[in-house]
Amino acid sequence: MERPLRLIPTEVTPAAELARTLEALLVVASQPLPVAELSAAAQAAAAEIEQALEVLGERFAEGSSGIVLEHVAGGYAFRASAAATEACARLFEKPVEKGLSQAALETLAIVAYLGPVTRPEITRIRGVNVDGVIAGLAERGLIAEGGRENEFGAIRYRTTPLFERIFGLESLAALPRVDDLGDDVAQIRERLETVAEKRPA
Amino acid sequence: MERPLRLIPTEVTPAAELARTLEALLVVASQPLPVAELSAAAQAAAAEIEQALEVLGERFAEGSSGIVLEHVAGGYAFRASAAATEACARLFEKPVEKGLSQAALETLAIVAYLGPVTRPEITRIRGVNVDGVIAGLAERGLIAEGGRENEFGAIRYRTTPLFERIFGLESLAALPRVDDLGDDVAQIRERLETVAEKRPA
Amino acid sequence: MLAVRELELDLDAFEGPFDLLLSLVLREELPLQEVDLAEIIIAFVEHLDGRGELDLDACGEFLVLISALLELKARAMFPEEEAELAELEPEEAAEELARRLAEYRRAKEAANWLRERLDDRRDLFFRIGPAPLAPKAERKLAQQDPEKLAGALRLLAVEPPEPSTGHMALRFPPVSQFLDRWRTLLRRRARFDFDQEVAGLSRVEIAVAFLALLELRKQNEIAIAQAAPFAPIRISRADAERSLSWNVRSA
């Protein structure tokens, strides 16, 4: 250390000390840290951790700090404030440099909602070959292989923590429900039946 | 964004804003950032950057924050406070590994029984490049450099006290006997080298 | 009248007149899975729109052709459900199709949501990877048995077997060579007989060729069938089984 350790003689409460410890953990972590991990590393109860995180959430908030604490991908992590986006863009690459194609987003959606899911299953839903799209998503680190269907079965894919981070999801459970399309199914069916009736045998 | 953007109606001075921008850049960086890079990214003069860094240095100082701004060779970077060293060590602790790979075990056996021994000698006996294995064993602290063959000769390796602890040996003299391979170290070495020569390349 | 068959298409997988696409598909030289049928429909509708008049005959012809392609594709996509689909009553089939369409609608819906989310978030920066001054992780090793060291040393003292020249005669071609060969063949033909394709090869080559087939099967690229022991081994593209029988039946 270049600069000598400066001891500042202020009273430090245990809560404030815990908050500092969490700051330290969060600034060196390479991934969002779940409460359980923070609790194990800081040797404090989960309830205390959550309290300290609340304090930190106010200190490191958009509009009052360049460092922002966010609850993402099942844990807590620091990111740059939105106000500093332009400065960051001059120095760093964006997490998703180029936009994602419609095909990539649909495939990603299927993996996120139905994962772990195999390539044939995705093909089935999308109706076109998805090999290239899957390779692209895997290369970007948005999806990863997650075991096989069975010993010799097809590889299954799941989304990664990076996916949750980029899309700002606290967890996959934060994805909105899209199964309220019941009316549509009935309508589609009705139309199909009408067509079927008119088809010459 | 999960949490609504809270606009805090405080006047933000340009200097304070610059400091926030630097905070953001430093929390995203994966390497120390030199003043020139900070200056280019934040679009501010070097002198302003230095001033802002001074402010940040006081805010993120040992004893008053868990995040500490450090000036290292390559520039500026955040690190964890010294007070949080133990918590950080627990965070980065890896699960205990059960055993060593066959390559590591063979190399370690050669160093233990024949040491101190040079890298070319180990290579000759094992018949493959051992650079990676040696680096790994050294990183784990199981072997260490122990002088040179002669003034300009190859570095010799020997086992460490940690090695003895892990293998439950009071000293190297307590290694299991390998009389079946030869009467002394010189004989064993010769035998291993002879066998190695016969191996197909 | 608008000649539907002359409709010029510019798709990802195909460029040329609709008629050529049809014949390529029927000759199984263009897998339908690669073709985005929605694009064809859009091309047709745009073309129709450009003419400014409604050509009922052309629409009728197009509907017949495109629905045939849709059915072909649907069946090719789900070869494993061959029996299952064939046994379905029209109403059940309609229901199944509706269910799948709904599933696809959901995927689209979810994709839209993800796009909006990405638009909100993609300008936010965070560090990917380790922090510059992060502590280094220490590797810890469990207690070890010193006998392992003696064992490792003894292993190094084992005399190698006398060099054998037996392997010189056996030249193993790489499996990848046959993987390429089968894939190329399957792009041209939907199915082939294994025995025919390996005629004249050495036993080792035939063995490697067969290994390549097993690999393709594992990847779900092909189906392997043999009517009885020692009968010819038939290989078909995993997606091809259904379309053939459908063609035969409707011919």
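Note on naming: letters A, B, ... go to the chains in the order of the sequence lines (proteins, then strands), and numbering restarts at 1 for each one.
- Contact annotation for B:Val27: only backbone heavy atoms (N, CA, C, O) come within less than 4.5 Å of a heavy atom of chain C.
- In this structure, B:Tyr76 and B:Leu56 have side chains that are not in contact, with every pair of non-hydrogen atoms separated by 4.5 Å or more.
- Of the residues considered (B:Ala174, B:Gly99, B:Gly141), B:Gly99 shows the highest number of contacts with chain C, using heavy-atom pairs under 4.5 Å.
- The number of heavy atoms from other shown groups lying within 6.0 Å of CD (B:Glu86) does not exceed 12.
- Of the listed residues (B:Ile125, B:Leu100, B:Leu169), the greatest number of heavy-atom pairs within a distance under 4.5 Å of chain C belongs to B:Leu100.
- Per-residue heavy-atom pair counts under 4.5 Å with chain C were compared for B:Val96, B:Thr194, B:Thr85, and the maximum is reached by B:Val96.
- B:Leu192 has its side chain out of reach of B:Val195: every pair of non-hydrogen atoms, C-beta onward, lies at least 4.5 Å apart.
- Only the side chain of B:Leu181 comes within contact range of chain C, judged by heavy atoms closer than 4.5 Å.
- The contact between B:Ile188 and chain C is made entirely by side chain atoms (from C-beta outward), counting heavy-atom distances below 4.5 Å.
- Between the B:Asn129 side chain and the B:Asp131 main chain, a donor and an acceptor come within less than 3.5 Å of each other.
- Contacts between B:Leu175 and chain C at a heavy-atom distance below 4.5 Å involve the side chain alone, from C-beta outward.
- B:Leu26 does not touch chain C: none of its heavy atoms, backbone or side chain, sits under 4.5 Å away.
- The main-chain N or O of B:Ile155 is never found under 3.5 Å from a side-chain atom of B:Glu145 such that the two would form a donor-acceptor pair.
- Judged purely by atom type and a 3.5 angstrom limit, B:Arg189 uses its side chain to pair as donor or acceptor with the backbone of B:Leu114.
- Contact of B:Gln102 with chain C is made through the side chain alone, with heavy-atom distances under 4.5 Å.
- No donor-acceptor distance shorter than 3.5 angstrom exists from the side chain of B:Ser65 to the backbone of B:Val68, with no hydrogens or angles considered.
- If you measure heavy-atom distances from B:Leu105 to chain C, the contacts under 4.5 Å come from both the backbone and the side chain.
- C:Pro130 touches chain B through its backbone: at least one of N, CA, C or O sits under 4.5 Å from a heavy atom, while the side chain does not.
- Both the backbone and the side chain of C:Phe125 come within less than 4.5 Å of a heavy atom in chain B.
- Counting only distance, with no hydrogens or angles, the side chain of B:Thr160 and the backbone of B:Ala144 share no donor-acceptor pair below 3.5 Å.
- By the 4.5 Å heavy-atom criterion applied to side chains, C:Glu221 and C:Arg183 are counted as neighbours.
- Of the residues considered (C:Leu133, C:Ile128, C:Leu155), C:Leu133 shows the highest number of contacts with chain B, using heavy-atom pairs under 4.5 Å.
- Looking at B:Leu142 and B:Thr159, their side chains never come closer than 4.5 Å, going by heavy atoms from C-beta outward.
- Between the side chain of B:Glu121 and the backbone N or O of B:Val117, no donor-acceptor pair lies under 3.5 Å.
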I'd like a table of donor-acceptor pairs (distance under 3.5 Å, sequence neighbours excluded) in which one partner is a side-chain atom from residues 29-44 of chain B, with atom names and distances.
unit_1  : atom_1 : unit_2  : atom_2 : d
B:Ser39 : OG     : B:Ala44 : O      : 2.7
B:Gln43 : OE1    : A:Arg90 : NH2    : 3.1

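- Of residues 141-149 of chain C, those residues with a non-hydrogen atom less than 4.5 Å from any non-hydrogen atom of chain B are, in numerical order, C:Leu141, C:Ala142, C:Gln143, C:Gln144, C:Asp145, C:Pro146, C:Glu147, C:Lys148, C:Leu149.
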